[in-house]
Novice: 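One structure, pasted below without further comment.
Note: hydrogens, waters and symmetry copies are ignored here, and every other heavy atom, side chains too, is used. Just so we're on the same page: letters track the sequence lines, and every chain starts at 1. Everything numeric here is computed off the predicted structure, so don't read it as measured data.
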Protein chains: 2
Amino acid sequence: MATPPENSANPNSREKILDVAEALFARQGFAGISMSDIALRVGLGKSSLFHHFSGKLELYAEVCERVLDRIGERVRPALEGSGDAPERLDVAIGLLCDTLAEHPNTARLLLRALVENELFPEADREQLEAANRAVAELVGALTTVLREGVQTGAFREVSLPDATQTVIGAVVLHFASGEVGEAILGEPIFSTKAVARRKREVTDFIHCALVQHSKLEGS
Amino acid sequence: MATPPENSANPNSREKILDVAEALFARQGFAGISMSDIALRVGLGKSSLFHHFSGKLELYAEVCERVLDRIGERVRPALEGSGDAPERLDVAIGLLCDTLAEHPNTARLLLRALVENELFPEADREQLEAANRAVAELVGALTTVLREGVQTGAFREVSLPDATQTVIGAVVLHFASGEVGEAILGEPIFSTKAVARRKREVTDFIHCALVQHSKLEGS
DNA sequence: GTCTATACGATGATAGAC
DNA sequence: GTCTATCATCGTATAGAC
């Protein structure tokens, strides 16, 4: 059960490093965190990190991948599942909220992945390929649901790319908004009460925004 | 007309520095940009920046202030203007889109101001006070419009803080989404065509999300 | 107001002992 | 796998000439 898959001695350090790096990168960004910062919080020497990851960028890339996979695993099945488009969208948004709420770093890292691509010079982009692909697939799955909803007449006739962007912004920003968000809410963002309300509110918001209200009955 | 207000010799450098710093900070973040980077692009020596700004943080704070003032000047009058809540909200969203579209850095910097507050240690927060106050005032004005809309029955009964967060995310993220956004759109984000469509689409989206559709006539 | 020179700590990364 | 050096580089910031 606890058998390490490979011949390395302490494969647990990798995950501990990834956990710490995820938290720090999420709040301070790639440039804002040093390898020493991470090592210090893990309880290792700085050099030890380089034994597990070939460099800072590779560590960052793996952190992003892990986060995006975590989201994709839960949200994509819902987007691609059964039911009509509005149902699938509602469920997917709820699951995305759950995922973003369970780990406070996720939304920030996702935001960075969406917004901070050109931070890295051309030469290094290849290392982030997997993360970028994960983003593209998630976004694509969302657009597909929206397209189906429009085609079946369940949704208003919206611009698909714009609606995709709007939905993402509406859901994700809140969970990344930190202190400003708490000031707006007047309570912690990640309290179970606030999360439950948030889930209901965004889902309703987006549902109302898209679902055709003056819909004529018939096919 | 071109009289410098003070006794300094070349007050134009300040603005040139602020322009360059705004562009660089927006794309790379505070930690991602060095004073040398900025100086190089301005065409000055690194040390000259310290003659205009007491340090990196002060420069960053002034950049943020300028951007937030730029937004506030156009959007707040609309939020606090005349007309009923849905009208004012529509107009304000349109103006926010215009402002974010006119200068491609604005949205990113606004996002950072919303999301990256705790990046700075307690000791340095005071320098960002003005920027934080500007954010709070803008957000407050938005919430006030939403509150009025709900009270008059024009809007659905939504959670005000959640709706505020949702609206901001829906509008702002798009203009900050850079390469990923362009991949979604299939065209440049800031082309006049894309901006015009975007403006229409978000305004409609939010309008539909909030305005009561099964509204009963009467007071 | 801008420059050159410089101080000096922190950074990413490597080499090699244990 | 982890550590202790160590390196070259780059970071912010200052001092002082022009």
Novice: Quickly work out the B:Ile38 CD1 to D:dG11 C1' distance and round it to whole Å.
Specialist: 12 Å
Novice: Where the side chain of A:Phe50 is concerned, which of D:dC3, C:dG12, D:dA15 is the nearest nucleotide?
Specialist: C:dG12
Novice: Figure out the CD/C1' separation between B:Gln28 and D:dC10, and round it to whole Å.
Specialist: 15 Å
Novice: Can you check nucleotides 9-11 of chain C for protein contacts, nitrogen or oxygen pairs under 3.5 Å, and list what you find?
Specialist:
| unit_1 | atom_1 | unit_2 | atom_2 | d |
| --- | --- | --- | --- | --- |
| C:dT11 | OP1 | A:Ser34 | OG | 3.4 |

Novice: Atom NE2 of B:His51 and atom P of D:dG16: how far apart are they, to the nearest Å?
Specialist: 15 Å
Novice: What closest approach, in Å, do B:Leu142 and B:Leu79 show between heavy atoms, and which atom pair accounts for it?
Specialist: N-CD1, 3.8 Å
Novice: Got a donor-acceptor contact below 3.5 angstrom from the B:Arg112 side chain to the B:Cys64 backbone?
Specialist: no
Novice: One pair to check against side chain to side chain contact (heavy atoms under 4.5 Å, CB included): A:Leu138 and A:Arg76. What are the steps and the verdict?
Specialist: CA-CA 7 Å; A:Leu138 260 172; A:Arg76 283 189 57 192; 3.7 Å; yes
Novice: Mark yes or no for whether B:Glu182, through its side chain, and B:Ile189, through its backbone, hold a donor-acceptor pair below 3.5 Å.
Specialist: yes
Novice: Check whether any side-chain N or O of A:Ser48 sits under 4.0 Å from OP1 or OP2 of D:dG1, and answer yes or no.
Specialist: no
Novice: For the side chain of A:Ser47 and the base of D:dT4, is some donor closer than 3.5 Å to an acceptor across the two?
Specialist: yes
Novice: For B:Leu44 and C:dT4, give me the distance from atom CG to atom P, rounded to whole Å.
Specialist: 11 Å
Novice: Under the rule for ring-ring contact (aromatic ring centres under 6.0 Å, His included), what residues qualify as partners of A:Phe50, not counting sequence neighbours?
Specialist: none
Novice: Can you check the A:Asp124 CG to C:dG12 C1' distance for me, whole Å?
Specialist: 13 Å
Novice: So which nucleotide from D:dG1, C:dA13, D:dT14 ends up closest to the side chain of A:His52?
Specialist: D:dG1
Novice: Say whether, by atom type as modelled, one donor and one acceptor occur between the side chain of B:Ser177 and the main chain of B:Val180 under 3.5 angstrom.
Specialist: no
Novice: What is the distance from CD of B:Glu58 to P of D:dT14, rounded to the nearest Å?
Specialist: 12 Å
Novice: Would you call A:Thr166 and B:Leu173 a side-chain contact if the rule is heavy atoms closer than 4.5 Å?
Specialist: no
Novice: Rounded to whole Å, please give me the gap between CG in B:Leu40 and C1' in D:dC10.
Specialist: 14 Å
Novice: Rounded to whole Å, please give me the gap between OH in B:Tyr60 and P in D:dT12.
Specialist: 14 Å
